[in-house]
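See below for the structure under consideration.
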Amino acid sequence: MNKQLKTAIVTCGSGAIGGAICQKLADDGFQIVVHYGSNADAATKVVEQIVSRGGTAIKAAADVADPQQVRKLFETAEETFGGVDAVVVNAGTITKCPIVDMTIEQFDAMVSVNLRGSFLTAQEAAKRLRRNGRLVFISSGLAARPMAGTAVYSATKAALDAMTVSLSKELGERDITVNSVQPGATVPGMFEQSGDEAAKIYAAMSPLGRLGHPDDIAEVVAFVASDSGRWLTGQIVRADGGSMN
């Protein structure tokens, strides 16, 4: 009898870190649903790369803040591949500025994607993940160590870490693990907005003397999502090259 293939949904799988996660999970044998918000071309490239390496993937659009669209995303995965075994909650957005200068529109945008979107994705995952499933939140090192100008972003990511612990207790009876991965400064990725000077500072903070790469994060996520990660749940895993030690 052929072993049932596993399926993973990766939100914002069209981005730098998301794309690396999609590729690594595909290399590990998952069928991948590459979610994207608006950049269909980037999602297509991720799918094509996976297929070129012998994997299976489709792309699917959804506004993660819209419950109907998130529901449709999961239905697409189930209709195409028969079920869902892993969900990586990776969609996020950041605006860095002092809180006195932040507009309510900027605040709402971060809360809508980072918190509301993550909640809706996790809610569908909790309903639909098969037994022995994996739910992985992509948080941020800024959740543990906020910096000036990141108050709202850090708060939304810290909320995911709290959600991780709570959901691990809710879903454990189905052998579903729930974990959070906190990337440090990673390029390519959102950190590129910080500039060259910040890149030098953060690279020097790591004992390894460099910034993270999306593949570094993908490897950690892949372990958490694998059978080998079955005894790891409710954990906040720092993937920052030791820069926050």
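Position 1 is the first residue of the sequence; numbering continues from there. No hydrogens, no waters, no symmetry mates; every other heavy atom, side chains included, goes into these values. Here the structure is a predicted model, which means the values were calculated and not measured.
With hydrogens and angles disregarded, no donor-acceptor distance shorter than 3.5 Å links the side chain of His35 to the backbone of Ile9. Here the side chain of Arg174 pairs a donor or acceptor atom with the backbone of Leu129 at under 3.5 angstrom. Judged by distance alone, with hydrogens and angles left aside, the side-chain atoms of Ser168 form a donor-acceptor pair with the main-chain N or O of Val165 at under 3.5 Å. Proximity of a side-chain donor or acceptor of Thr150 to a complementary backbone N or O of Pro146 within less than 3.5 Å is not detected. Here the side chain of Thr44 pairs no donor or acceptor atom with the backbone of Ala42 at under 3.5 angstrom. No side-chain donor-acceptor contact under 3.5 Å links Thr93 to the backbone of Met110.
Taking all atoms of both residues into account, the shortest heavy-atom contact from Ala151 to Ile99 is CB-CD1, 4.4 Å. Residue Ala65 comes nearest to Arg116 through the heavy atom pair O-NE, 2.7 Å, listed as atom of the first residue, atom of the second, then distance. Here the closest non-hydrogen pair linking Ala159 and Leu115 is CB-CD1, 3.7 Å. When all heavy atoms are compared, the tightest approach of Val178 to Thr233 is N-OG1, 3.0 Å.
The distance from the CG atom of Asp175 to the CZ atom of Arg134 is 8.5 Å, given to the nearest 0.5 Å. Separating the OH atom in Tyr153 from the CG atom in Asn114 is a distance of 6.5 Å, to the nearest 0.5 Å.
Residues Asp227 and Lys6 are paired through a salt bridge, judged by an N-O separation under 4.0 Å between the basic side chain and the carboxylate. Of the charged side-chain nitrogens involved, at least one lies within less than 4.0 Å of a carboxylate oxygen, so that Glu124 and Lys127 count as a salt-bridged pair.
With hydrogens and angles left out, the side-chain atoms of Ser139 and Asp161 include a donor and acceptor closer than 3.5 Å.
Transitive grouping of hydrophobic side chains (ILVMFWY, heavy atoms separated by less than 4.5 Å) keeps Ile236 and Val181 in distinct clusters. Note: the hydrophobic cluster containing Leu167 also contains Ile176 (ILVMFWY, side chain heavy atoms under 4.5 Å, direct or indirect links).
At most 12 non-hydrogen atoms from other residues, nucleotides or ligands lie less than 6.0 angstrom from CZ of Arg230. Applying the 6.0 Å contact sphere to CD of Glu173 captures no more than 12 heavy atoms from other residues, nucleotides or ligands.
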Begin with the C-alpha distance, continue with both residues' side-chain angles, and end with the deciding distance and a verdict on salt bridge (Lys or Arg N to Asp or Glu O under 4.0 Å) for Asp240 and Arg145.
CA-CA 12 Å; Asp240 63 0; Arg145 292 198 176 181; over 6 Å; no
